[in-house]
Participant: 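Please read through the structure below; I'll follow up with questions.
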Amino acid sequence: MSIPRPTHFTVLDATTNERTEVTREEYEMSMAASIDILQKLSEESIKQGDRFSRTCSFCYAKNPLVRSAAVECGHIICSKCAADATECHICEKSSAFVRIFEDDSRECMICASVPRHRDFLVPCGHILCRVCEKKLSFEAFDHWQFVRCPQCRADVSSGIHRRDLVEIIEPTSKKSQKETRSRQDIEKVTQILNRKGQHSNNQRRTGCEKLFARQDKGMSRVNQPMKQQMRCSR
Ligand SMILES: [Zn+2]
Ligand SMILES: [Zn+2]
Ligand SMILES: [Zn+2]
Ligand SMILES: [Zn+2]
């Protein structure tokens, strides 16, 4: 017997902690739009030959062997500096740090693309491209399953489990200001569209207008434990 798919998804606004119910169709539409933008940004990044800085913004070590990311904000420092840090010195949020597993290449472990935007998983620290992260989470929610890391199978469902890595592009003199500005605009849109949801079979309808009116709030993560959500929804 197959379990019915969720009819609604809950989107959590990271800034206000407000939850919005959206229909499956609305959720899929907004996910497709956001994937489209992410892919364009990656193409552009490859075309421009972006190089991503590895310099620790705390001790200025140029190329630290191991780096860690702050769970709360995604800022990255070298693991030595992260060892006894209790807050991110860049944005001053109290945060735990997770060692991130980086390769020489930025290739995504799932789709092998070279993404502009990557996410890391908590607690394991494995990295994947943001497009795959979105698909992975959706697949799990859609089958009432826990989100698991594709590399180590760690359960990354509870609490803050998927985080946007904040990566700094090294400045190059070649880029015109115009290019940089248009890119900043696109990046702003992707931040807005970068929403993460959860399943829900609450039948309450939420209008499409409402969904899109809320996008300017910069929904960016879900930190409601999924187990609880699943219990409520069944
Ligand atoms: Zn450092
Ligand atoms: Zn920070
Ligand atoms: Zn990928
Ligand atoms: Zn993992």
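We count ligands from 1, going down the list as the structure has it; atoms in each ligand are counted the same way. Worth knowing before you read on, the calculation uses all heavy atoms, side chains too, and leaves out hydrogens, waters and symmetry mates. In this chain, numbering begins with 1 at the start of the sequence shown.
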Participant: Taking 2.8 Å as the cut-off, does H89 contribute an N, O or S atom near the Zn ion (ligand 2), distance below it?
Facilitator: no
Participant: Considering only N, O or S atoms, which atom of H126 is nearest to the Zn ion (ligand 4)?
Facilitator: ND1
Participant: At the Zn ion (ligand 4), what's the angle from C124 SG to C149 SG, rounded to 10 degrees?
Facilitator: 110°
Participant: Can any side-chain N or O of R118 pair as donor or acceptor with the backbone N or O of L128 at less than 3.5 Å?
Facilitator: no
Participant: With the Zn ion (ligand 3) at the center, what angle do SG from C108 and SG from C129 span, rounded to 10 degrees?
Facilitator: 110°
Participant: Does a side chain donor of either S30 or E26 reach within less than 3.5 Å of an acceptor in the other side chain?
Facilitator: no
Participant: Between D142 and R24, is the closest basic N to carboxylate O distance under 4.0 Å?
Facilitator: yes
Participant: Does the S42 side chain pair with the main chain of L38, one donor and one acceptor, at a distance under 3.5 Å?
Facilitator: yes
Participant: Give the name of the N/O/S atom in H75 that lies closest to the Zn ion (ligand 2).
Facilitator: ND1
Participant: Does the Lys NZ or Arg CZ of R99 fall within the cation-pi geometry relative to F101 - under 6.0 Å from the ring centre and within 45° of the axis?
Facilitator: yes
